[in-house]
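Each remark here refers to the structure printed beneath this line.
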Amino acid sequence: MKEIVLQRIIKGLLYGCAMFVCALVFIDTCLDNSLSVLPHQYTRIAIGAMIVGVGFVMSSLIYDEDRIPFFVRGLIQLVICTAVLFVGLFVSGGIPDGTGFGTGAVFFVVEMGFGIFIWIGNFIYFWHEARLIKKKLAERNKAESER
C-alpha cells in the first residue's frame with residue numbers, strides 16, 4: 001500500500017507540474033500575457049499546482065473501494081478535488097490576490113480544465129481496458145464451456 005501511495009504522489013507531482021506549465025502556456029498564447037504575475041509568485045503558483053496534482057491523484061484512491069457505487073465515488077472525488085483546488089489556489093496566492101481575483105480565477109479554471117481532461121482520459125483508458133479484459137474472460141469461459 002505504501003508503494004501505491006508513493007507512486008500516486010509522484011504521479012500527482014508530475015501532473016501538477018504539467019498543469020503549471022500548461023497554464024502558463026495557455027496564458028501566454030491565448031491571453032497575450034495580459035496577466036501580470038510577479039516573479040516570486042511563480043514559486044507559490046507552482047507549489048499550488050503540485051498540491052492540486054497530488055490531491056487529484058490521491059483522491060482517485062476512492063475507486064479502490066468497491067462497496068461504494070461508482071456514481072457516489074465520482075461525486076466524492078469531485079468534492080475532494082474542488083476542495084484541494086481551493087487549497088492550491090489559496091497557497092498560490094490566488095484567493096487573497098492583491099491584483100484582483102482575475103489571476104486566481106484563470107488558474108482555477110485552467111487547472112480544473114486540465115484536471116477534468118486528465119480524469120476523462122484516464123476514465124476512457126481504464127474503461128477500454130476493462131472492456132478488453134471482460135471480452136477475453138468471456139472468450140475464455142466460452143472456450144472452457146465448449147470442452
Same apolar cluster: [X] and [Y], side chain cutoff 4.5 Å:
X    : Y    : value
V5   : I10  : no
I120 : F117 : no
I124 : F56  : yes
L78  : F126 : no

Side chains of [X] and [Y], heavy atoms from C-beta outward: is any pair under 4.5 Å?
X    : Y    : result
V79  : L75  : no
Y63  : Q77  : yes
L14  : C17  : no
L137 : K142 : no

Nearest 0.5 Å, what's the [atom1]-[atom2] distance between [X] and [Y]?
X    : Y    : atom1 : atom2 : answer
I76  : L61  : CD1   : CG    : 12.5 Å
L6   : I4   : CG    : CD1   : 11.0 Å
E129 : Y125 : CD    : OH    : 4.0 Å

My understanding is that only residues two or more places apart in sequence, or in another chain, count here; which of them pass side chain to side chain donor-acceptor pair (under 3.5 Å) with R8?
S60
Of all residues at least two apart in sequence or in a different chain, which pass the side chain to side chain donor-acceptor pair (under 3.5 Å) check with R140?
none
If you look at every heavy atom in [X] and [Y], which pair is closest and at what distance?
X   : Y   : result
A49 : F20 : CB-CB, 3.8 Å
I80 : S59 : CG2-CB, 3.5 Å
I9  : M58 : CG1-SD, 3.9 Å

From the list L13, L85, V91, side-chain contact (heavy atoms from CB on, under 4.5 Å) with I51 holds only for V91
Surrounding CD of E139 (heavy atoms of other residues, nucleotides or ligands, distance under 6.0 Å), is the total greater than 12?
yes
